[in-house]
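Got a structure here, written out as structure tokens. Questions coming.
Just so it is clear, the values below take in all heavy atoms, side chains as well, and ignore hydrogens, waters and symmetry mates. For reference, positions follow the sequence shown, starting with 1.
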Amino acid sequence: MTLLEDESLKLTEVQRLEGHTDRVWGLAWNPATGADGVPAVLASCSGDKTIRIWQQRSPSSASFDCKAVLEDTHSRTVRSCAWSPSGKQLVTASFDATTAIWEQNGSDFECVSTLEGHENEVKSVSWNASGSLVATCSRDKSVWIWEVLPGNEYDCVSVLQGHTQDVKMVQWHPTVDALFSCSYDNTIKVWADDSDSDDWHCVQTLGESNSGHSSTVWALSFNSTGDKMVTCSDDLTIKVWDVDIISLQSGDGNASWRHVCTMSGYHDRTIFSVHWSKEGIIATGAADDAIRLFAESQDHSVDGALYKLLLKKEKAHDMDINSVQWSSTGNRLLASASDDGTIKIWKLESI
């Protein structure tokens with residue numbers, strides 16, 4: 001990993017993508033694009049009930065064009081979108097209580113399946129690493145796990161009750177089938193299946209009593225190796241957690257996550273989004289319209305890892321930033337989405 005703190009870095013706006021007619025909620029880079037000569041593809045979803053697909057003009061180009069608008073499927077805000085690991089399917093979650101699965105057919109995208117079951121707004125959606133499971137969560141306080149079957153069939157294998165409030169986000173671990181959810185109830189829950197019975201259950205709750213957040217947890221993200229997790233909250237902090245990855249990968253469902261450090265004093269408004277890049281840079285997007293970048297400092301404290309602010313991009317957008325997403329290929333491209341209706345593509349550069 002590059003020794004980031006020795007670099008002087010700047011975040012340069014490459015392009016502003018316009019087209020959505022309402023706030024932009026979510027972003028997802030297609031993991032099968034952006035490397036090996038394949039132009040990067042980005043999906044965005046909005047309060048205008050549509051999803052837009054943006055494609056880089058060429059692998060070396062900084063310019064993106066809107067290639068498709070996915071509409072007439074969701075009847076309310078589209079809150080979250082996620083590509084399957086193969087990049088062949090896109091899943092979208094909506095306030096209309098449905099989750100839609102899309103496939104590309106030539107230059108068009110078609111909705112091939114609709115997942116129904118949540119009582120009200122679906123807030124987030126995530127694929128597991130192998131593409132065999134999809135998780136959704138909702139304001140109805142539940143988390144659903146769906147098994148991907150042949151022929152675009154999806155079977156709900158578990159409905160997880162445990163959160164006492166609106167569930168804001170679900171995210172699968174990058175290497176093992178453990179599911180993480182964060183909620184308006186101020187907690188992060190870790191879910192795993194019992195290998196004997198295939199029953200999913202909560203194996204750990206990270207709350208205020210174990211150095212967790214004191215207000216709504218909006219988002220979480222893992223580092224590239226999956227042994228650390230970062231969470232962000234309405235309590236104006238971001239927290240880093242770690243786990244014994246060997247124990248976790250050996251199938252020990254009881255491998256516990258522990259609090260490593262809390263970064264406070266950097267944000268004075270709600271932090272809505274956090275994302276960890278392949279090379280170890282944490283980006284946050286917040287209600288103060290700014291993007292901040294953090295990285296682990298080599299100056300380790302007695303208590304463990306320290307993280308330092310690399311840079312703050314003031315007025316990155318005109319309104320709240322709802323999502324920040326690093327490109328999955330490590331090309332130092334960052335996308336941000338805002339209440340101002342725009343998406344911005346940024347390049348992290350050395351000065």
Side-chain angles (χ1 to χ4, degrees), residues 20 24-34 40-46 49-55 68 70 73-74 77-104 109-115 117-118 121-138 143-148 152 154 156 167-175 177-182 191 218-222 224 226 229 272-278 283 285 322-329 334-337 343:
H20 283 297
V24 188
W25 279 112
L27 296 167
W29 292 95
N30 185 320
T33 68
V41 171
L42 178 72
S44 60
C45 57
S46 165
K49 309 173 194 171
T50 73
I51 301 100
R52 285 180 173 257
I53 309 294
W54 311 85
Q55 185 175 29
L70 285 48
T73 292
H74 288 301
T77 289
V78 187
R79 181 65 178 85
S80 171
C81 55
W83 295 95
S84 62
S86 67
K88 291 181 170 28
Q89 283 101 14
L90 179 71
V91 60
T92 56
S94 170
F95 285 4
D96 65 13
T98 71
T99 302
I101 314 281
W102 306 79
E103 271 185 8
Q104 190 165 0
F109 283 77
E110 60 176 329
C111 177
V112 295
S113 195
T114 303
L115 313 184
H118 282 293
E121 293 94 328
V122 189
K123 295 294 182 79
S124 174
V125 63
S126 177
W127 295 84
N128 71 339
S130 65
S132 62
L133 297 169
V134 172
T136 57
C137 66
S138 165
V143 173
W144 290 46
I145 297 176
W146 308 79
E147 185 178 2
V148 182
N152 291 314
Y154 292 78
C156 176
V167 189
K168 296 294 186 189
M169 186 182 194
V170 280
Q171 187 69 42
W172 289 96
H173 187 271
T175 59
D177 279 343
L179 180 64
F180 294 70
S181 57
C182 55
W191 311 86
W218 278 95
L220 64 97
S221 178
F222 296 95
S224 57
M229 168 175 70
F272 291 121
S273 181
V274 64
H275 197 233
W276 214 322
S277 79
K278 285 275 197 295
N322 296 314
S323 181
V324 284
Q325 288 287 312
W326 291 104
S327 163
S328 49
T329 54
L334 177 73
S336 59
I343 298 142

*asked:* Looking only at side-chain N and O atoms, does H275 offer a donor or acceptor that is under 3.5 Å from a partner on S277?
replied: no

*Could you tell me the separation between the CH2 atom of W326 and the OG atom of S221, rounded to the nearest 0.5 Å?*
11.0 Å

*Side-chain donor or acceptor of N30 paired with backbone N/O of G87 under 3.5 Å*: yes

*Reported OG-to-CD distance for the pair S132 and E147, which is rounded to 0.5 angstrom*: 7.0 Å

*Going by the angle between their ring planes, with limits at 30° and 60°, are F222 and F180 parallel, tilted or perpendicular?*
perpendicular

*With no hydrogens and no angle check, is any side-chain donor or acceptor of T114 less than 3.5 Å from a backbone partner on A100?*
no

_Nearest 0.5 Å, please: how far is SG in C45 from CZ in R52?_
12.5 Å

*V125 versus L115: any side-chain heavy-atom pair under 4.5 Å?*
no

*Are the side chain of H74 and the backbone N or O of D96 linked by a donor-acceptor pair below 3.5 Å?*
no

_As a quick check of understanding, evaluate side-chain contact (heavy atoms from CB on, under 4.5 Å) for Q104 and I53, giving each step before the final call._
CA-CA 11 Å; Q104 190 165 0; I53 309 294; over 6 Å; no

*Nearest non-hydrogen partners of P174 and G226, listed with the distance*: CG-CA, 3.8 Å

*Ignoring hydrogens and geometry, is there a side-chain-to-backbone donor-acceptor pair from N128 to L133 under 3.5 Å?*
yes

*asked:* Please check: side-chain N/O of S124 versus main-chain N/O of V170, any donor-acceptor pairing under 3.5 Å?
replied: yes

*What's the verdict on side-chain contact (heavy atoms from CB on, under 4.5 Å) for C81 and L90, showing C-alpha distance, side-chain angles and the deciding distance?*
CA-CA 7 Å; C81 55; L90 179 71; 4.2 Å; yes

*Considering all heavy atoms, the nearest L220-M169 contact*: N-SD, 3.3 Å

*How far apart are the closest heavy atoms of W127 and Y154, and which atoms are they?*
CH2-OH, 3.8 Å

*asked:* Under a 3.5 Å distance rule, please check whether W83 uses its side chain to pair with a backbone N or O of A28 as donor and acceptor.
replied: yes

*Is a side-chain donor or acceptor of S273 paired with a backbone partner of G285 at a separation under 3.5 angstrom?*
no

*S84 side chain vs G131 backbone, donor-acceptor pair below 3.5 Å*: no

*Measure the OG-NZ distance between S138 and K168 for me, rounded to the nearest 0.5 Å.*
10.5 Å

_Minimum heavy-atom separation for V122 and A93, please, with both atom names._
CG1-CB, 3.5 Å

*Taking side chain as C-beta onward, heavy atoms only, is L27 less than 4.5 Å from I343?*
yes

*Side-chain contact test, heavy atoms from C-beta onward, threshold under 4.5 Å: evaluate it for K123 versus F95 and give yes or no.*
yes

*Do the non-hydrogen side-chain atoms of T73 and W102 ever get within less than 4.5 Å of each other?*
yes

*Check whether any side-chain N or O of T33 sits under 3.5 Å from a backbone N or O of V41 as a donor-acceptor pair, and report yes or no.*
yes

*Just do the side-chain contact (heavy atoms from CB on, under 4.5 Å) check on V78 and L70 with the steps written out, would you?*
CA-CA 11 Å; V78 187; L70 285 48; over 6 Å; no

*Test side-chain contact (heavy atoms from CB on, under 4.5 Å) on Q325 and L334 and set out the steps.*
CA-CA 6 Å; Q325 288 287 312; L334 177 73; 5.6 Å; no

*Nearest-0.5 Å distance, CH2 of residue W218 to CG of residue N322*: 8.0 Å

*Where W25 and S323 come nearest, the two heavy atoms and their spacing*: O-CB, 3.5 Å

_Under 3.5 Å donor-acceptor, W172 side chain and S126 backbone_ = yes

*For T329, what residues pass the side chain to side chain contact (heavy atoms under 4.5 Å, CB included) criterion, not counting sequence neighbours?*
A35, S327, N331

*Hey, could you give me the OG/CD distance between S181 and Q171, rounded to the nearest 0.5 Å?*
11.5 Å

